[in-house]
2 protein chains.
Amino acid sequence: MTSRPSRPRMKDVAAEAGVSVMTVSRVVNGEAGVAPLTAARVAAAVRKLGYQRDDVARQLRRTDRLSQTIGLMVDNVADPFMAAVASATEDIAHRRGNMVLIGSSRADPHREREVIAAFTARRVDGLILTPVAGDQRFLRSAQTRGTKIVCVDRAAPGLDVDTVVVDNFGAVRQAVGHLIAHGHRRIGYLGDKRQIWTFGERHRGYLAALDAAGIDADPALVRHGLRSGADAARAVTAILCAPEPPTAVLAGNEVLAFGVRAVLPAGVAFIAFDDFALAAQLTPPVTVIAQDPVALATSAAHLLFARIHGDTSPPRRVVMPTELIPRGSGEIPGPGSPTRTPRR
Amino acid sequence: MTSRPSRPRMKDVAAEAGVSVMTVSRVVNGEAGVAPLTAARVAAAVRKLGYQRDDVARQLRRTDRLSQTIGLMVDNVADPFMAAVASATEDIAHRRGNMVLIGSSRADPHREREVIAAFTARRVDGLILTPVAGDQRFLRSAQTRGTKIVCVDRAAPGLDVDTVVVDNFGAVRQAVGHLIAHGHRRIGYLGDKRQIWTFGERHRGYLAALDAAGIDADPALVRHGLRSGADAARAVTAILCAPEPPTAVLAGNEVLAFGVRAVLPAGVAFIAFDDFALAAQLTPPVTVIAQDPVALATSAAHLLFARIHGDTSPPRRVVMPTELIPRGSGEIPGPGSPTRTPRR
DNA sequence: CTTCTGGTTGGTATCGTTAACAGCTCGTCG
DNA sequence: CGACGAGCTGTTAACGATACCAACCAGAAG
């Protein structure tokens with residue numbers, strides 16, 4: 001009964017305007033070489049029928065084969081850091097007339113492959129990825145077939161691509177050094193799996209800072225593989241019950257920080273990786289290692305579009321700055337602090 | 001120099017396996033009616049060449065014309081509420097073998113139209129929208145041409161589509177009633193533009209609660225069109241400097257709540273629309289009107305896929321529950337409170 | 001031995017668009 | 001006055017896949 005009026009094609013517009021489809025194509029794409037009068041007639045027909053070009057057919061036929069679509073694969077868009085990355089990516093893409101397909105790996109390598117296969121089946125021009133733990137070599141075939149790839153936030157082992165990251169190692173080494181300078185010697189570390197590039201780096205930074213201060217690392221103060229605030233809360237509670245509990249704790253990212261903060265006793269120093277909205281409003285205000293997800297994503301998107309438009313220079317690694325923002329929680333003095341045990 | 005090895009086509013696989021492209025098509029799509037031996041030979045050729053079906057060409061030819069792609073248009077994915085919506089949408093889509101194209105309107109009706117035009121040009125099967133302020137009638141043409149549409153979080157005036165929302169009016173009326181019950185009579189309201197459906201409803205709920213208590217609404221305590229935490233901080237500071245300042249404040253969403261909380265003096269009661277990660281950890285803990293963005297988006301996505309797969313029943317409006325979670329900030333007594341001015 | 005049936009397989013047209021080229025209509029110049 | 005070029009428009013053949021139908025082959029039935 002309800003006949004659905006299918007969308008008009010170029011040939012319908014051509015019939016309406018009394019020209020050939022080629023002329024319609026030229027007008028629709030704003031090409032030169034159409035008489036103004038003809039162009040106006042075609043434009044009127046387009047408006048009258050409500051014609052809209054079918055980009056699927058267009059992409060199939062065009063020589064450049066560009067879909068004007070890129071894929072963004074993150075762990076989880078609900079994560080505030082990744083949400084900021086997605087937002088910034090969409091913004092740059094929009095400015096360049098592109099759209100963003102989004103996919104979540106949810107830390108699952110199998111799902112990661114599925115999502116990327118779905119991206120390439122739709123012939124995206126490029127991919128922006130935060131790779132999950134493990135080997136990314138399977139992306140090489142997509143790469144050799146012309147799909148441009150940029151990694152953001154995390155590097156991809158085994159894959160030679162543009163990468164935009166921060167100096168996770170240096171940032172954590174600095175932060176742990178900061179705690180040590182405030183008199184702490186027993187410092188807890190809470191992170192996700194070491195196999196995730198960022199967390200591997202952050203843990204290395206933690207160890208390096210302890211080593212530089214001549215402190216023996218105690219594995220009892222370290223927890224890996226934490227995925228949620230609840231995980232982090234349980235983990236920090238556990239390490240605080242140890243015979244020699246830590247006097248300071250570092251949370252490896254924002255989500256873990258929320259969980260830690262909920263159960264951390266006053267008096268234990270605390271630094272979080274990633275700045276977050278209410279960090280300054282908590283009691284005490286939270287000292288953080290701030291990075292700028294918008295800048296990371298913007299840089300990655302610009303790199304990607306440069307590649308899509310023909311940049312064939314060797315892959316680059318862009319390292320963006322971090323900033324240690326002391327707000328109070330990271331400056332709570334430890335047992336070796338001069339303010340607690342003055343020497344003079 | 002670097003000849004890029006273009007991806008193999010079905011005809012390459014067909015040549016490799018010594019069959020016709022039709023047979024390859026049947027094997028690739030898992031259709032019945034291919035001899036097991038032939039299928040195995042084709043499968044081997046597919047693996048050898050690394051063949052992947054081109055969904056762009058496929059979509060052009062198929063009778064159902066489905067792209068297995070939906071579009072999600074939100075104000076801003078960086079907003080935590082919208083990020084949760086996006087994440088849940090992606091999850092449902094993934095389970096159904098679909099992908100999600102994402103677009104941000106950034107509260108700009110012009111950009112909203114651009115994004116939606118880009119969606120339909122790519123022939124998405126359906127759209128999930130949080131409409132910006134203003135009229136959405138322009139979507140009717142897309143709708144009559146077969147694009148399924150579902151609104152989430154906000155209704156779309158002038159458009160007859162499935163809609164998944166919460167009872168914003170009732171939730172705010174209840175929350176303001178809660179403040180009145182705690183002795184407040186001068187209550188501030190901070191929201192975004194009234195033309196945005198949710199904020200219109202929330203403001204109506206505010207007025208209704210005052211009216212029910214016989215309190216005259218004072219326009220000096222109301223601010224609309226606030227878009228950021230900074231906007232909200234300025235606005236609340238301004239209304240607190242009024243001759244008769246409010247003793248309680250309601251923030252219309254999470255982002256505004258952050259800004260209000262940063263500058264709100266202790267002693268002023270406070271309720272926020274939307275629950276947020278650290279609400280319970282602030283001092284005092286923040287009383288909120290909680291809604292569940294994951295449930296909203298999940299419901300919207302299920303509705304959309306039902307439509308895409310042929311459900312032609314009349315458009316539905318799904319209203320999901322909210323919950324007033326008293327945590328402290330909303331229970332600070334006002335001047336008329338029995339605890340401050342006991343009557344016995 | 002011929003015809004029929006059912007399971008396989010292949011040929012051809014087509015989806016909506018653009019690339020490449022052909023052809024037409026002028027006005028202009030030698 | 002005829003040839004030529006510039007400007008405009010149309011024709012044809014793809015892009016990579018699927019829909020539809022025809023053709024083939026073996027074994028069974030008559």
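Numbers restart at 1 for each chain; the letters A, B, ... are given by sequence-line order, proteins then strands.
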Which parts of nucleotides 7-15 of chain D does protein reach within less than 4.0 Å, heavy atoms only, written one letter per nucleotide 5' to 3' as B for base, S for sugar-phosphate only and - for none?
-SBBB-BBB
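- Note: CG (A/Asp54) to C1' (C/dG16) measures 6 Å, nearest angstrom.
- As rounded to whole Å, 11 Å separates atom P of C/dT18 from atom CG of A/Asp64.
- Rounding to whole angstrom units, CD of residue B/Glu31 and P of C/dT8 are separated by 14 Å.
- Of the candidates B/Arg47, B/Lys48, B/Arg53, B/Tyr51 forms a side chain to side chain contact (heavy atoms under 4.5 Å, CB included) with just one, namely B/Arg53.
- Rounded to whole angstrom, the span from the CZ atom of A/Arg123 across to the C1' atom of D/dA17 amounts to 11 Å.
- One interatomic measurement links the two molecules: CD of B/Gln52 to P of D/dG16, which rounds to 14 Å at whole-angstrom precision.
- In this structure, B/Cys151 SG and B/Met73 CE are separated by 9.0 Å, a value rounded to the nearest 0.5 Å.
- A/Ser25 has no side-chain polar atom (N or O) that falls below the 4.0 Å cut-off from OP1 or OP2 of C/dT17.
- Applying the side-chain hydrogen bond (donor to acceptor under 3.5 Å, both in side chains) test to B/Glu112 and every residue at least two apart in sequence or in another chain returns B/Gln136.
- Tested against A/Val100 for a side chain to side chain contact (heavy atoms under 4.5 Å, CB included), the candidates A/Ile128, A/Thr69, A/Val124, A/Ile70 yield a single pass: A/Ile70.
- The distance from atom CD of A/Gln59 to atom C1' of C/dA19 is 16 Å, rounded to the nearest whole Å.
- A side-chain donor-acceptor contact under 3.5 Å links B/Ser67 and B/Asp125.
- A/Tyr51 has no side-chain polar atom (N or O) that falls below the 4.0 Å cut-off from OP1 or OP2 of C/dG16.
- A straight line from CG of A/Asn29 to P of C/dT18 spans 5 Å, rounded to a whole angstrom.
- Taking atom CZ of residue B/Arg58 and atom C1' of nucleotide C/dT17, one finds them 20 Å apart after rounding to whole Å.
- Under the 3.5 Å distance criterion, with hydrogens and angles disregarded, a donor-acceptor pair is assigned to the side chains of B/Ser87 and A/Asn76.
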